[in-house]
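Here's the structure we're looking at; comments come further down.
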Amino acid sequence: MRVLAKKTPARREAPDGGAGDRRDALGVSGLSLTLGTGVPLLADVTVRVGRGETVGLVGESGSGKSLTARTALGMLPRGARATGEVTVADVDVLAAGRRRLRELRRTRASMIFQDPRASINPVRRIGDYLTEGLRARGVPARAVAGRALELLDQVGIRDPGGALRCFPHEFSGGMLQRVVIAGALSTEPELLLADEPTTALDVTTQAEVIALLKDMQRAHGTGMLFVTHDLDLAAAICDRVYVMYAGRIVEESTGSGLFGAPAHPYTRALLEASPSVHGDRVAIRAIAGRPRSLADSPTGCSFRDRCPLAGDDCAETVPAHRPHGQSLAACLRPGQVTP
Amino acid sequence: MTLTIPALRARSARRRRRRPLAVSLAVAFLILLTVAGLLAPVLAPHSPDATSLLNSLLPPGAGEHWLGTDSTGRDVLSRIMYGARLSLLAPLGVVLLSGVLGIAIGLLAARAGGWADAVISRGMDIVFAFPSLLLAMLVVAVTGPGLTAPICALAVSYTPFVGRVVRSVAIQEGARPYMESYRVMGFGVLWVTLRHLLPNVMPVLIAQSALAFGYALVDLASLSYLGLGVRPPDADWGSMISQARSAILQGEPWSGLLPGLVVLLTVVSVNVLGEHIGGSIAGKREGS
Amino acid sequence: MNAPVLSVTSLVKRFGHLTAVDDVSFELMPGASLGIVGESGSGKTTTARILAGLEQPTSGTVTLDGEIVGGQSRRARLRQARLLQMIFQDPYGSFDPRRTVAESIAEPLRLHAPGPAAAHRARVGELLDQVGLSARAGESLPRELSGGQRQRAAIARALGIAPRVLVLDEAVAALDVSIQAQILTLLDELRRDTGISYVFVSHDLAVVRYITDTAVVMRHGRIVERGETEQILRSPRHPYTRLLLDSIPSPGWDLDRVARDRRALDAL
Amino acid sequence: MKPTQRRRTFAGWIGRRALGGVLTVLIASILIYGALRLVPGDPVLAVTGGRRLTPEQIEALRHRYGLDRGFAQGYLAWIGDALRLDLGTSLNYQTGVTSLIADRLGVSGLLILYSALLAIVSGSAVALVSAVKGGPVNRVAGIAAAVTTATPTFVSAIGLLALFSVGLGWFPATGAGTGLADRLWHLTLPAVAMALVAFGVLARVGNAAFTEELRREHVEVARSRGVGGAAVIGRHVVRNALAPMLTIVGLLFASLFVGTAVVETAFGLDGVGSLLVGSVSRRDFPVVQGIALIAVLLFVVINTLVDLAMPFIDPRVTVGGPSR
């Protein structure tokens with residue numbers, strides 16, 4: 001793993017959205033995560049989010065995508081050990097103490113979770129949710145109410161005054177997610193971690209929430225790591241996309257490149273497995289087996305037991321990321337994938 | 001900060017399957033008590049009623065009286081062994097009666113719903129408003145001391161304790177899709193209730209009954225302690241403690257504390273066992 | 001074979017003063033697949049539950065194989081079950097947690113096709129095989145299987161009764177993409193092999209496009225658009241269908257257009 | 001829902017809840033009164049309890065309990081008197097039951113409040129600390145809670161008596177003392193003995209409630225927003241666990257009421273509890289009925305108040321919904 005971490009320089013040649021020399025919103029490199037019991041969760045994860053950039057992190061359940069996002073805020077599972085490097089706006093997250101982490105969460109980085117209904121304390125008012133975040137950030141008490149009103153107005157909630165006094169159960173899921181977004185952006189963070197923020201919502205509501213999220217992100221210049229299982233969604237809104245499988249990054253590509261020329265067999269298999277509403281009606285092709293977690297994946301390439309291209313050499317080592325077309329793919333035969 | 005990690009969950013599930021030490025100890029203690037009670041005539045070192053004023057209030061470990069003697073010189077160990085019979089049998093009666101009543105009422109309320117459910121639930125609320133010991137005392141006030149009436153009173157009193165849980169689990173379980181899937185497959189309500197609902201309610205019921213057993217044991221022992229339960233020459237642990245009252249004030253507490261300890265250990269054991277059963281159900285329900 | 005196997009006429013379902021299903025009618029031919037598309041609160045799930053006999057309609061009729069469904073008698077119940085089965089979204093919850101998958105599959109066989117135990121065992125083996133489950137998976141408890149395996153088992157159990165119609169309520173919504181594809185291709189094969197008909201209830205237009213021939217789009221309990229699935233997706237007529245379609249992310253996704261669709265719908 | 005409409009349904013809901021409580025007490029009172037009639041044979045024999053009475057006295061008793069009338073008339077006369085705070089005359093003391101109880105209410109009331117306070121403070125504190133700390137602290141607290149829950153009040157009473165009164169001589173063994181400080185000193189051991197079970201129950205249920213709330217996603221979200229540890233515990237964990245805790249506290253009063261019977265007997269206190277025990281064994285039925293009625297009334301009042309407080313603690317409690 002240590003050897004692979006040295007590959008990071010190669011990543012610079014990758015399709016970065018022209019990062020330049022400004023510091024990144026999020027830099028994860030060579031991150032490995034192991035539970036105290038020895039169960040590995042993540043291996044050699046490298047993810048970068050530039051300022052103002054939208055980066056997708058795509059994978060199926062157990063791929064470790066949410067875990068990666070949480071690690072960026074120092075939210076590790078109990079008893080887990082992390083190695084590698086995680087920096088959020090110059091803060092070394094893995095080395096940071098409690099106070100530094102709290103400081104980071106209050107001002108530099110925010111997170112949005114999948115289910116807005118679970119994210120807001122059901123027995124306290126919407127207003128309490130917003131003021132709690134603002135107060136933690138250090139906004140003076142008398143300015144808080146006004147700022148909360150402003151925030152609700154910004155995320156398009158009618159009658160913000162009334163909304164502040166409402167309880168969460170009086171709101172729809174879409175409205176609540178707007179409130180959560182307002183709370184997350186109230187600190188004007190440099191990094192926004194969005195963990196499946198629209199999965200629990202209806203399709204039409206999803207579009208509205210995404211539109212809001214993109215608008216707000218543009219206005220504040222926030223870098224966003226967008227965690228999702230939905231390849232189409234990631235490709236549609238992200239500048240770059242990382243594809244995760246069994247605790248590892250298997251491919252990094254541009255949003256559009258992912259669809260046009262998937263480099264990794266897993267990415268391609270995912271695309272072929274998902275039906276689409278656009279274009280001609282084509283048959284889908286199922287992937288045999290089921291998604292794995294890092295702990296119960298095979299040696300070498302984790303995907304090799306489900307991969308049509310796998311050979312004996314795939315079992316030997318975990319393939320390094322190598323450039324292919326617009327992508328970086330962790331595969332020994334990326335060339336054979338693209339049709 | 002809890003994350004659901006499949007590997008973690010599998011591990012803890014495996015750990016849960018191994019029986020904890022406390023549960024083994026509890027089971028061992030309960031078996032020991034049952035055997036001691038059943039075989040008291042064979043095993044007891046002394047007659048439980050043999051008084052000897054010369055040997056009164058001996059401390060534990062004195063000569064042939066391992067656990068000492070009470071104020072009339074009766075052997076405490078033998079009396080605990082004989083006392084186990086009534087002390088354990090009576091709460092068992094309470095649990096069996098309240099279990100049967102509770103299942104019937106709980107299932108009926110859950111499956112009938114509507115006004116029948118409302119009436120039954122209100123009825124259970126009313127019974128619940130009587131603390132069990134108070135109801136038992138009320139009955140004793142009418143019938144005079146003895147165990148039969150309090151056993152019946154406690155059985156009624158614990159029916160909501162069982163019935164409420166059966167009802168809520170049955171409603172919860174009844175709302176799970178598999179109940180509906182059986183209906184879609186064309187099975188009748190009664191069949192689904194008895195064949196699928198009841199077995200799934202059963203573990204919770206057993207756990208709850210174990211708790212009820214402990215409470216009933218304490219209630220009946222309390223009655224005897226207050227002189228409202230068993231009548232001499234019958235004896236249970238509660239009446240032993242009651243008879244030790246003056247000895248305690250004289251600074252010779254053993255003949256009262258030892259049966260007290262046995263009551264305590266019995267209730268702890270039953271609770272541990274009940275909790276274990278309840279906990280392993282929770283473990284099975286967890287799953288994705 | 002040109003009589004519909006299922007026809008629904010003017011179905012209405014009210015819960016108190018809320019009308020969940022409002023004048024819904026459609027027909028399903030043998031071997032056909034019909035999609036019911038809608039978002040939460042559209043009444044699609046209530047419609048499915050009425051079809052399966054889990055809710056009684058306030059008014060309107062459901063006709064299965066030429067005979068109106070109704071009545072609580074054992075005969076009526078068994079007839080409805082033999083003709084129509086349902087697959088739920090949560091395959092874990094749809095099994096008795098204490099029984100092995102094979103036992104659960106055998107149970108409806110005993111009810112609908114009484115016979116010797118050995119015959120049932122053999123049939124369970126066939127069914128498991130048909131949905132791609134191993135005999136070992138059959139001996140497992142539901143909680144020991146993955147989501148995809150449970151959904152296969154649920155399909156096997158429904159197929160055991162050999163129904164003419166299978167109602168699938170968000171049957172692949174909870175599954176990972178790669179597993180979802182496995183179930184969808186399985187369903188496709190089954191329909192080809194057995195000539196069973198599907199009512200496929202889903203919020204996911206892409207899945208509906210893959211698995212159905214015709215579709216109805218529901219909103220607030222009413223059907224707002226109906227037709228061949230491909231036709232609906234290519235040239236949606238109702239503004240709501242247009243909004244649904246444009247809301248689906250794709251490369252070059254135009255969020256402004258979604259907002260325009262929304263305004264057009266609100267103006268209606 | 002418009003605010004005015006909500007207010008109206010809320011008022012209606014309070015009314016229904018209160019009515020439910022009244023109904024419970026009413027039916028319970030019928031049972032308490034009717035217990036006398038359930039005895040096989042002549043109910044008056046149960047009332048006399050084997051005392052030798054002249055036929056005139058028996059006739060007077062028969063009349064007093066309405067045994068010479070039908071059930072309904074008898075009950076109505078009894079409950080009518082009870083509503084006017086006349087609970088009849090004790091057979092044993094030959095004085096009014098109401099005054100017998102009132103004289104002893106001070107000791108018992110103080111005892112109940114004292115032990116409730118002890119149990120609530122210590123139980124919730126142990127529950128919170130053990131849930132937050134976890135690990136060995138949690139295990140020790142769990143064992144302590146399991147043991148105290150299982151300890152019958154009379155066992156802890158004689159244990160405390162043997163150790164702290166007779167053995168160490170720190171506390172008096174009998175009597176209720178005079179003056180507040182002296183009385184509290186006298187009541188400390190009885191209160192502790194009574195509080196132990198309630199403490200155990202609260203520590204367990206509280207621990208479960210706090211642990212559950214600690215696991216909620218919104219707690220994690222609050223932490224992810226950099227809200228401080230104490231604020232998260234206070235505003236999210238404790239605040240949200242309040243509802244289940246309060247429900248349990250309400251139910252625990254039942255065990256405290258009957259606890260007085262045991263504890264007052266063990267410590268030789270002259271309170272309502274020991275009056276009840278004495279009256280049961282002397283079959284002084286009017287006293288038993290009176291005390292039972294008051295206990296049920298208090299229990300229902302307390303738990304109805306807890307119910308009524310719920311919507312303020314948890315806004316999700318559906319005000320319009322049916323009663324449990």
Side-chain angles (χ1 to χ4, degrees), chain A residues 58-63 172-174 198 200-215 228-238 245 254-260 266 269-291 306, chain C residues 37-42 132 145-149 172-186 188-189 202-212 219 229-230 232-234 236 240-259 261-262 265:
Chain A
V58 182
E60 295 181 280
S61 50
S63 62
S172 71
T198 57
L201 307 177
D202 272 331
V203 204
T204 54
T205 319
Q206 160 170 293
E208 288 169 20
V209 168
I210 293 286
L212 172 71
L213 211 47
K214 291 292 279 183
D215 281 350
T228 180
H229 69 281
D230 188 339
L231 265 179
D232 300 80
L233 182 57
I237 64 166
C238 296
Y245 183 79
T254 58
S256 53
L258 198 67
F259 266 83
Y266 175 61
L270 270 187
L271 286 171
E272 287 182 344
S274 18
S276 169
V277 278
H278 302 283
D280 288 330
R281 184 172 168 171
V282 285
I284 57 172
R285 207 177 304 162
I287 317 174
R290 62 188 171 84
R306 302 175 73 191
Chain C
V37 183
E39 297 186 288
S40 52
S42 63
L145 298 181
S146 68
Q149 284 175 308
V172 297
L175 304 174
D176 272 319
V177 176
S178 62
I179 303 299
Q180 172 180 307
Q182 293 171 2
I183 301 294
L184 288 176
T185 47
L186 171 69
D188 232 17
E189 279 165 28
S202 177
H203 71 280
D204 188 335
L205 277 171
V207 169
V208 167
R209 180 190 190 194
Y210 177 79
I211 204 80
T212 69
R219 180 174 187 242
T229 312
E230 218 36 41
I232 292 177
L233 293 184
R234 275 179 204 281
Y240 178 67
T241 319
R242 215 166 294 138
L243 172 66
L244 265 186
L245 208 55
D246 287 336
S247 296
I248 298 167
S250 60
W253 194 19
D254 188 354
L255 286 165
D256 293 334
R257 193 156 128 196
V258 180
D261 290 341
R262 167 67 72 186
L265 181 64

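Throughout, a chain's letter reflects where its sequence line sits, starting with A, and its residues are numbered from 1.
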Run the side-chain contact (heavy atoms from CB on, under 4.5 Å) check on A/Leu231 and C/Val177 step by step: do they pass?
CA-CA 9 Å; A/Leu231 265 179; C/Val177 176; over 6 Å; no
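When every heavy atom of A/Ala236 is checked against every heavy atom of C/Ser250, the shortest pair comes out as CB-O, 3.1 Å. Counting all heavy atoms, side chain and backbone alike, C/Pro249 lies closest to A/Asp232 at O-CB, 3.5 Å. For the residue pair C/Ile248 and A/His278, the shortest heavy atom distance occurs at O-NE2, 4.0 Å. Here the closest non-hydrogen pair linking C/Trp253 and A/Leu233 is CZ3-CD1, 3.6 Å. C/Ser178 and A/Ile287 get closest at one heavy-atom pair: CB-CD1, 3.5 Å. The heavy-atom pair separating C/Glu39 from A/Asp202 by the smallest distance is OE2-CB, 3.0 Å.
With respect to chain A, the highest number of heavy-atom pairs below 4.5 Å among C/Leu243, C/Leu233, C/Ile183 belongs to C/Leu243. Counting heavy-atom pairs closer than 4.5 Å to chain C, the top-ranked of the candidates A/Gly289, A/Ala234, A/Gly173, A/Ala283 is A/Gly289.
Side chain of A/Arg290 to main chain of C/Ile179: no donor-acceptor pair is present (N/O by atom type, distance under 3.5 Å, no hydrogens or angles).
In this structure, the portion of C/Ser146 lying under 4.5 Å from any heavy atom of chain A is its side chain and not its backbone. Only the side chain of A/Glu208 comes within contact range of chain C, with at least one heavy atom under 4.5 Å from a heavy atom of that chain. For C/Gln149, no part sits under 4.5 Å from any heavy atom of chain A, backbone or side chain. Looking at A/Ala288, the atoms closer than 4.5 Å to chain C (heavy atoms on both sides) all sit in the backbone: N, CA, C or O. Interface remark: A/Ser256 contributes no atoms to any contact with chain C (heavy atom separation under 4.5 Å). Using a 4.5 Å cut-off between heavy atoms, C/Gln180 touches chain A through its side chain atoms alone. C/Val258 touches chain A through its side chain: at least one heavy atom from C-beta onward sits under 4.5 Å away, while N, CA, C and O do not. In this structure, the portion of A/Ile237 lying under 4.5 Å from any heavy atom of chain C is its side chain and not its backbone.
A/Leu212 contributes atom CG, which lies 11.0 Å from atom CG of C/Leu255 (distance to the nearest 0.5 angstrom). To the nearest 0.5 Å, atoms OG1 (A/Thr204) and CG (C/Leu245) are separated by 12.5 Å.
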